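One structure is given here, and the rest of the page talks about it.
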Amino acid sequence: MTRSFWNDDARYLDTYWRTVPGMWIHGDLAIRTSTGCFFLRGRSDDTIKVAGKRLGPAEVEEVLMELPGVNEVAAIGVDDPDKGQMLVVFVIASSAAQANAEFPNEIARHLEKRLGRAFRPKRVHLVRQLPKTRSAKVMRRLIRSVYSDLPSGDLSSLDNPSALDESPGRPAGIPS
């Protein structure tokens with residue numbers, strides 16, 4: 001972490017140290033497991049807005065991790081002419097769950113039950129891997145860009161370029 005912002009110590013202190021006194025708020029969301037491991041889930045200011053309702057992708061992902069057979073998940077919001085954004089989720093499932101053709105529907109129903117009808121995902125995609133940084137954060141920005149056919153931008157922090165190799169310009173398993 002830096003010691004300050006260029007010529008703006010007050011903004012640095014307000015941004016990182018004064019939100020919660022005595023605690024450094026860095027903008028990333030981390031979850032600590034019952035075994036003491038930490039998982040960096042991404043930016044805490046990343047928000048999905050569906051039909052006027054807001055929530056973070058990590059909230060969606062945490063709910064989906066409750067399901068047996070879900071090994072990892074990434075949630076993104078993509079533009080939708082009716083709702084503003086629609087929820088799309090990408091799930092790395094256990095091999096047994098992937099063999100179950102009904103599993104994507106189970107995922108959608110579980111999310112609707114736990115978060116409400118507005119957050120039933122528009123699409124559920126089962127994938128083999130998700131693009132990640134060296135610190136194991138899922139690159140939702142990249143997933144959203146590729147899924148929406150937008151420029152991918154800076155890929156210098158991508159740790160697993162093979163996630164982009166399966167089909168031209170698409171993370172592994174992320175459908176056109």
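Computed from heavy atoms alone, side chains included, the values below leave out hydrogens, waters and symmetry copies. Bear in mind that the values here come from a model prediction, so they are computed numbers and not experimental data.
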Go through the steps for Leu55 and Val60 under the test side-chain contact (heavy atoms from CB on, under 4.5 Å), then give the verdict.
CA-CA 8 Å; Leu55 83 164; Val60 173; 3.6 Å; yes
Closest heavy-atom pair, Tyr147 versus Arg123, reported as atoms and distance to 0.1 Å, is OH-CG, 3.6 Å
Inspect the surroundings of CZ in Arg18 and state if more than 12 heavy atoms from other residues, nucleotides or ligands are less than 6.0 Å away.
yes
Report yes if the side chains of Ile143 and Pro131 come closer than 4.5 Å at any heavy-atom pair, otherwise no.
yes
Validation row: Met139, Ser157 side chains within 4.5 angstrom (heavy atoms)
yes
Counting only N and O atoms by type, is there a donor-acceptor contact under 3.5 Å from the side chain of Ser148 to the main-chain atoms of Leu150?
no
Any donor-acceptor pair under 3.5 Å from Glu59 side chain to Gly56 backbone
yes
In a table with atom names and distances, give each donor-acceptor pair under 3.5 Å that connects a side chain of residues 77-87 to protein atoms at least two apart or in another chain.
residue : atom : partner : partner atom : Å
Asp80   : OD2  : Asp82   : N            : 3.0
Asp80   : OD2  : Lys83   : N            : 2.7
Gln85   : OE1  : Lys49   : N            : 2.7

Step through the shown structure and confirm whether more than 12 heavy atoms of other residues, nucleotides or ligands are within 6.0 Å of CZ on Arg117.
no
Side chains of Asn71 and Ser94: donor-acceptor distance under 3.5 Å anywhere?
no
Hey, are the side chains of Ile92 and Arg128 touching, using non-hydrogen atoms and a 4.5 Å cut-off?
no
Run the numbers on Val89 and Leu64 for side-chain contact (heavy atoms from CB on, under 4.5 Å), then give the verdict.
CA-CA 9 Å; Val89 295; Leu64 291 180; 3.9 Å; yes
Ignoring hydrogens, what is the shortest heavy-atom contact between Asp154 and Arg141? Give both atom names and the distance.
O-NH2, 2.7 Å
For a quick test of reading the model, state the closest non-hydrogen atom pair linking Ala75 to Pro57 and the distance between them.
O-CB, 3.4 Å
Tyr16 side chain reached by Phe5 side chain, heavy atoms, under 4.5 Å:
yes
Would you find a donor on one side and an acceptor on the other, under 3.5 Å apart, between the side chain of Asn160 and the backbone of Leu130?
yes
Between Thr133 and Asp159, is a side chain to side chain donor-acceptor pair (under 3.5 Å) present by the stated rule, with each step listed?
CA-CA 5 Å; Thr133 66; Asp159 187 48; over 6 Å; no
Is any side-chain heavy atom of Phe90 closer than 4.5 Å to one of Val73?
no
Between Ser152 and Ser145, what is the shortest heavy-atom contact and its length?
CA-CB, 4.1 Å
Side chains of residues 107-115: which donor-acceptor partners sit under 3.5 Å, not counting sequence neighbours?
residue : atom : partner : partner atom : Å
Arg109  : NH1  : Glu102  : OE2          : 2.9
Arg109  : NH2  : Glu102  : OE2          : 3.2
His110  : NE2  : Val63   : O            : 3.2
His110  : NE2  : Glu66   : OE1          : 2.9
Glu112  : OE1  : Arg120  : NH1          : 2.7
Arg114  : NE   : Glu66   : OE1          : 2.9
Arg114  : NE   : Glu66   : OE2          : 3.4
Arg114  : NH2  : Glu66   : OE2          : 2.6

For residues Leu158 and Arg134, report the shortest heavy-atom separation together with the two atoms involved.
O-NH2, 4.4 Å
Please report the shortest heavy-atom distance between Leu126 and Ala93, naming the atom on each side.
CD2-CB, 4.3 Å
